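Right, one structure below, let's go through it.
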Amino acid sequence: MSLSEAIELALKHNPELSAQGHDLGVAEARYDAALGRRLPGVDVVGTAMYYQYDQRLLPATANGEAGAFSDKMLSSDIVFSLPIYTGGRLQREQSAARLLRASAERQLARSRSELIYNVSSVYYGILAQRRVIASLEFSREALREHSKRVQEMISVQKAAGVDRLRMDVRVADLEQRMVWEKNVLAVQCRVLANLLGLPAGSPRRTPMGELPELPMASAAELPALAVVLANRSDYQAAQAAIAAQREAVAAASAGHLPTVTVQGSYGRRLAVESSDRRSGLDSTTDMGWGGVVFNVPVFAGGQVSARVREERARLAAAEERLRKLALQIELELETASLNIQSARERLEALAKTSEQAQESLRIEREKYELGKGSITDVLDAQTALLDTETAMSRALADYHTARAQLALAKGE
């Protein structure tokens, strides 16, 4: 699979990203709940009551009015309630829920960007690891071919038998290095599979192609921090969370204010087995009422003040975390820029070193075949070339990873 295909699969199947998508659903549901608390409420309420003494079915509406009495009462009502004034508490709660929903949306966007970076980093690492293994295989085959040449020189007494042993030892060393590097590659492939989040039983997908040889352009100038902060979805999420917390402080403070609610009820009353009622008087009847309820909090044991202090403390903590995030973003920008510059300079230096290592190996082989050099010099030159090629592969992967790291730090 290509890198774009890997990213597409990860965005579709990664379990952590899917979980954050559900977290966004939680935030949306909380907003809907906050909105619903401002709307009228209608409930159906039924009761079955037993009293120690007989009770009147309905309150009297005139002096001397007859009524039905019983110690067992049934009722069913439709109850209506509408908050008229809550000191701004419900409005603040709805605003806080809306801001938290926006924060969750931006955090999800940031998680997508981080997933793209992680997939890219592992993808480039796998391609680099394949180049390392290919270099080891090439060196092993080169040593085997040279070992045959050494054996021919031994047969004509132009080389010592110990040279063949040294060659075999070096080949064995390459073999164990290959085992280690292949194990590293297998682990990287497993990490990539986890990031892709493919279901069990899905065919294994592996990166294809080679590390792209991008032109070594000069380092791009970093944008202003204010521009980056405007682009970073995690910073925007933190800002939205702070705004939501300010609304939460205001909602908690509204607990000191009075509330006004319009309420009403209409239903049926039944006096079961009424023992005292005038002939012709029904023991079941309708009952309705409506009015305005005015509630003034006078004393709540300090609960409201404690909640206000709690919300203000959370606000102060969130503001400090936002400041920490701004410092972290600035560090990420500088780190990514330095990593790009370092990887580019390493590649430029290693390109020259590789040419010198190849020439050195050629010279040492010729000297050995002419009887003017030792097998140790040949093996050292071979090792130096292998180390240079390995370092180039990893530096190229670091370069591509650093470019992705800079894009992530810039909020792209």
Side-chain angles (χ1 to χ4, degrees), residues 10-11 14-39 83 86-118 222-257 303-336 405-412:
L11 293 177
N14 183 266
E16 179 59 28
L17 195 64
S18 298
Q20 293 207 8
H22 293 303
D23 289 340
L24 176 58
V26 171
E28 292 174 344
R30 286 178 177 172
Y31 172 77
D32 293 339
L35 175 62
R37 285 192 288 271
R38 299 184 61 187
L39 301 178
T86 60
R89 178 176 57 84
L90 295 182
Q91 294 89 334
R92 297 288 189 175
E93 289 178 352
Q94 181 186 355
S95 178
R98 175 180 55 80
L99 290 167
L100 287 175
R101 181 184 63 181
S103 176
E105 290 173 348
R106 294 183 175 99
Q107 193 57 53
L108 177 61
R110 181 61 183 177
S111 297
R112 289 171 58 90
S113 298
E114 290 176 347
L115 178 60
I116 291 172
Y117 166 73
N118 290 332
L222 291 179
L225 181 60
V227 175
V228 174
L229 295 181
N231 290 333
R232 286 282 294 249
S233 52
D234 54 341
Y235 190 81
Q236 297 170 7
Q239 286 181 316
I242 287 178
Q245 189 57 38
R246 291 195 180 101
E247 295 293 325
V249 172
S253 299
H256 292 292
L257 302 176
Q303 295 181 53
V304 176
S305 298
R307 186 186 172 192
V308 172
R309 293 199 310 272
E310 176 188 351
E311 299 298 345
R312 284 177 177 168
R314 288 180 176 176
L315 175 60
E319 289 174 342
E320 289 301 315
R321 292 192 180 96
L322 180 66
R323 188 168 68 90
K324 175 186 175 182
L325 179 58
L327 295 173
Q328 180 65 30
I329 290 173
E330 187 175 11
L331 175 62
E332 291 174 3
L333 283 170
E334 295 180 359
T335 300
Q405 183 184 16
L406 180 61
L408 178 68
K410 292 163 64 177
E412 296 177 352

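Given the structure is predicted, the values throughout are model-derived calculations rather than measurements. Residue indices begin at 1 and follow the sequence shown. Hydrogens, waters and symmetry mates are skipped; everything else that's a heavy atom, side chains included, is used.
With sequence neighbours left out, the side-chain hydrogen bond (donor to acceptor under 3.5 Å, both in side chains) criterion links Glu16 to no other residue. Annotation: side-chain contact (heavy atoms from CB on, under 4.5 Å) contacts of Leu35 (sequence neighbours excluded): Gln94. In terms of the salt bridge (charged side-chain N to carboxylate O under 4.0 Å, His left out) criterion, residue partners of Arg314 (sequence neighbours excluded) are, by chain and number, Glu310, Glu311. Judged as a side-chain contact (heavy atoms from CB on, under 4.5 Å), and not counting sequence neighbours, the contacts of Ala27 are Arg101, Ala104. Applying the side-chain hydrogen bond (donor to acceptor under 3.5 Å, both in side chains) criterion to Gln236, with sequence neighbours excluded, gives Arg106. The salt bridge (charged side-chain N to carboxylate O under 4.0 Å, His left out) test applied to Arg309 returns no partner, not counting sequence neighbours. In this structure Arg323 satisfies the side-chain hydrogen bond (donor to acceptor under 3.5 Å, both in side chains) test together with Glu320, sequence neighbours excluded. Under the salt bridge (charged side-chain N to carboxylate O under 4.0 Å, His left out) criterion, Glu28 pairs with no residue, sequence neighbours left out. Judged as a side-chain hydrogen bond (donor to acceptor under 3.5 Å, both in side chains), and not counting sequence neighbours, Arg307 has no contacts. The side-chain contact (heavy atoms from CB on, under 4.5 Å) search around Ala336 returns Gln405, Leu406, not counting sequence neighbours. Residues passing the side-chain contact (heavy atoms from CB on, under 4.5 Å) test with Glu334, sequence neighbours excluded: Glu330.
A pairwise comparison of heavy atoms in Ile242 and Ala318 identifies CD1-O, 3.5 Å as the closest pair. When all heavy atoms are compared, the tightest approach of Ala241 to Leu100 is CA-CD2, 4.5 Å. Residues Leu408 and Arg110 approach most closely at O-NH1, 2.9 Å, considering heavy atoms. A pairwise comparison of heavy atoms in Ala326 and Tyr235 identifies CB-CE1, 4.0 Å as the closest pair. Of all the heavy atoms in Gly87 and Ala254, the pair that sits closest is O-CB, 3.4 Å. The minimum heavy-atom distance linking Pro83 with Arg37 is given by the pair CG-O, 3.6 Å.
Pairs passing the salt bridge (charged side-chain N to carboxylate O under 4.0 Å, His left out) check and including a residue from residues 235-246, sequence neighbours excluded, read Arg246-Glu319.
Remark: side-chain polar atoms of Ser103 are not paired, donor with acceptor, to backbone N or O of Leu99 under 3.5 angstrom.
Asn14 contributes atom CG, which lies 4.5 Å from atom CG of Leu115 (distance to the nearest 0.5 angstrom). A distance of 5.0 Å separates CG in Asp234 from CD1 in Ile329, rounded to the nearest 0.5 Å. The distance from the CG atom of Leu333 to the CG atom of Leu229 is 8.5 Å, given to the nearest 0.5 Å. To the nearest 0.5 Å, atoms CZ (Arg232) and CD (Gln328) are separated by 8.0 Å. Rounded to the nearest 0.5 Å, atoms OG (Ser113) and CG (Leu11) are 9.0 Å apart.
Thr86 is listed as a side-chain neighbour of Gln91, based on a closest heavy-atom distance under 4.5 Å. Residues Asn231 and Lys410 have side chains not in contact (no heavy-atom distance under 4.5 Å, counting atoms from C-beta outward). Considering only heavy atoms from C-beta on, Ser305 comes within 4.5 Å of His256 through its side chain.
Within a 6.0 Å sphere centred on CZ of Arg38, other residues, nucleotides and ligands contribute more than 12 heavy atoms.
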